[in-house]
Protein chains: 2
Amino acid sequence: MSSSRKDRRATEDYLKAIYYLAEEQDPVSTSRIAEARGTRPASVTKMVQRLDRQGLVRYRKHRGVSLTDAGLQVALSTLRRHRLTELFLAEALGLSWDEVHEHAEVLEHAINDRLEERMDAVLGYPEFDPHGDPIPAKDGTIAEINARPMASLPVGCKARVARIVDDTNSELLCYIEGLGLVPGIEVEIKQIEPFEGPITLKVDGERRVVGHKVAAMILMTLCS
Amino acid sequence: MSSSRKDRRATEDYLKAIYYLAEEQDPVSTSRIAEARGTRPASVTKMVQRLDRQGLVRYRKHRGVSLTDAGLQVALSTLRRHRLTELFLAEALGLSWDEVHEHAEVLEHAINDRLEERMDAVLGYPEFDPHGDPIPAKDGTIAEINARPMASLPVGCKARVARIVDDTNSELLCYIEGLGLVPGIEVEIKQIEPFEGPITLKVDGERRVVGHKVAAMILMTLCS
DNA sequence: ATAGAATATTAGCCTTAGCTAATTTAATAT
DNA sequence: ATATTAAATTAGCTAAGGCTAATATTCTAT
C-alpha cells in the first residue's frame, strides 16, 4: 500500500521542521532535525532519504537537506493549516491562545482543502495570526511584511524594533519595555532555538535572552 | 515504541465498526468487519487478535469478536466525537449535513478530551444529531429514546413509524410518504447494510428498500 | 455422515517510522 | 598531516497495518 490515502502526519511534520530550521541555516543537518523532532539521527537519515525519493527534499550524504519546491509547498500548506486552525479554535471554541497550539499540531494533519477553505472564509481571510506571524496564502505566498516577528529573523541579523504586538497583556508589555526593547532600538540576533525555544540577542552591546512568546510579540524591521 | 502517543485511527475505526455490526449480529464475524472496512479478512484476523491482547475485544477463533467494556467505551467515545464534530462543522463552518460526515470520519480521531468538551459546550450539550441519532454522553450512556432512527434497529425487529425527522427537505418527506411510511404503520426490518448502505424492510407485506439517509429520518418505536 | 463450498486462519511478505549498535565520514586540534 | 572527536550513515531489529497464497475449520447439502 505504497500510497493511496496515507498518514500525512510524519511527512508534514518533517517538512515543517526542515522549513523552520532552514531559516537558521540552510542545508539542514540530520542532528538538528532529530533534536527538533525528538527522534534519533538515524531515524532522520532514513526519513530524509525517503523524502528525497519522493522529491520533497534534496538530500546529500553528510551535507544536509533542503526543501524542494514541492516540499516547500507542503510545508507552507501545513503551516497555513496550523495557523488557520489555531485562529479558528480560538475563535469558534473560545480556547486561549496558549492552548490552541498543541491542538493545532494534531489537527493540521487532519484537515483537507475544503475545511481549510471554510475556516479561512469564516475567519475573514486573515493574513496574520495574533503573534503577528504571517499566514501563508493557498498559493504559498507569504504576505510581505516590513516588520517581522523577532522569532522569524535569521541568526546574525541586525534589526530594529518596529512595534510590540498588543496582546492585551500589560505585564508582558512592561517586561519587554524593561528589557530595553522599545521601538527604534537596534538589536542583533545571536542565536535562535527552534520552535518554542529562547532567543539570544544583543541590545546596546549587552546580551539578553528572551522567550519565544515574548519574541513573537516584538515586530522588527531589518537594518539593511 | 510500543505505546506512548500512537495512532488511534485504526483501533478506533475497528472498534466503531464492530460496535455498529454488533447491532446486527453479536459476535461479529471477521468477514463482516473486512467488508465494512474495505480490507481483507486476513488483515482483520490479525487486527482483532491485537485488539484482544489489548483487552478491547473478546475474540475466539472462527467464532467472531465482541467488544469488551473497555472497547465499548472507546467505540462510544469515538461515536460521540464523530457526532459532535459533525454538528460542530455544520454549525461553525456552515457545512451541509451531507458533507460533514466524511470530514468527521477523519477528525474524530484527532480531537482530544478538551476539544470534545469545548465543542460539546459550544453546541449546548446536544443529545441528538440532526438525523435523530443519539450522541453518547461522556460516560457512555446513550439518551433513552423511545423513538429510534430506523437505521439503528436490529434486523428482524418489528417497529412502528413514530415520526419523520423534519430535515426541511420536502422532497424527501414526500418520497417517504409515498413509500407508505407514515406514522403508525408497522414495518419489519429484513436486512441492514452497515454504515451508509440500504435497508430492506417489509411494509404491509411488501418488501421495500430505503436508503440510509432516508432511514435516518424515520424514527421508530419498537412493537414489543 | 461426508463431500464440497464458504469462512477463517496462518505463514510469509511489504512499507512506514521508530530504535540501538557498529561503522564511516567529516571536522578539529595538535 | 595526522590523531582524535564529533556527526552521519548503515545494518539490523521492532511493531502496526496492510496484502496474497496456502491451509484449516465450519457449514451445508446431499
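In what follows, every chain begins at residue 1, and chains take the letters A, B, ... in the order their sequences are listed.
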Any heavy-atom pair between the side chains of [Y] and [X] that's under 4.5 Å?
| X | Y | result |
| --- | --- | --- |
| Arg8(B) | Val74(B) | no |
| Val57(B) | Tyr14(B) | no |
| Leu222(B) | Arg160(B) | no |
| Arg208(B) | Thr200(B) | no |

Subject >> Residue mapping more 5' on DNA chain C - nearest nucleotide basis, Pro41(B) or Pro41(A) >> reply: Pro41(B)
Could you state the [atom1]-[atom2] distance from [X] to [N], rounded to the nearest angstrom?
| X | N | atom1 | atom2 | answer |
| --- | --- | --- | --- | --- |
| Arg60(B) | dT9(C) | CZ | P | 12 Å |
| Glu12(B) | dA16(D) | CD | P | 16 Å |
| Glu35(B) | dT7(C) | CD | C1' | 13 Å |
| Leu15(B) | dA16(D) | CG | C1' | 15 Å |
| Tyr59(B) | dT25(D) | OH | P | 12 Å |
| Asp13(B) | dG18(D) | CG | C1' | 14 Å |
| Arg9(B) | dG18(D) | CZ | C1' | 14 Å |
| Met47(B) | dT10(C) | CE | C1' | 18 Å |

Original post:
Reckon Ser31(B) touches a base, only the sugar-phosphate, or nothing at all at heavy-atom distances under 4.0 Å?
Top reply: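 Here Ser31(B) touches the backbone only, sparing every base.
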**OP:** Indicate, with a heavy-atom threshold strictly under 4.0 Å, whether Gln49(A) touches base, sugar-phosphate, or nothing.
**Re:**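 Here Gln49(A) touches the backbone only, sparing every base.
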Quick one: is [N] close enough that its OP1 or OP2 comes under 4.0 Å of any side-chain N or O from [X]?
| X | N | value |
| --- | --- | --- |
| Thr30(B) | dT9(C) | yes |
| Arg50(B) | dA15(D) | no |
| Arg37(B) | dG18(D) | yes |
| Tyr14(B) | dA16(D) | no |
| Thr39(A) | dA17(C) | no |

Subject >> salt bridge (charged side-chain N to carboxylate O under 4.0 Å, His left out) partners for Arg207(A), two or more places apart >> reply: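 Arg207(A): no salt bridge (charged side-chain N to carboxylate O under 4.0 Å, His left out) contacts found.
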Subject >> Residues which pass side chain to side chain contact (heavy atoms under 4.5 Å, CB included) with Pro136(B), listed by chain and number, not counting sequence neighbours >> reply: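 So Pro136(B) forms a side chain to side chain contact (heavy atoms under 4.5 Å, CB included) with Leu76(B), Leu79(B), Arg80(B), Ile142(B).
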**OP:** Take nucleotides 20-26 of chain C nucleotide by nucleotide from the 5' end and write B, S or -, depending on whether a protein heavy atom sits under 4.0 Å from the base, only from the sugar-phosphate, or from neither.
**Re:** B----SS
Subject >> Minimum heavy-atom distance between Pro126(B) and Leu87(B), given as atom pair plus value >> reply: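 Taking Pro126(B) first and Leu87(B) second, the nearest heavy atoms are CG-CD2, 3.7 Å.
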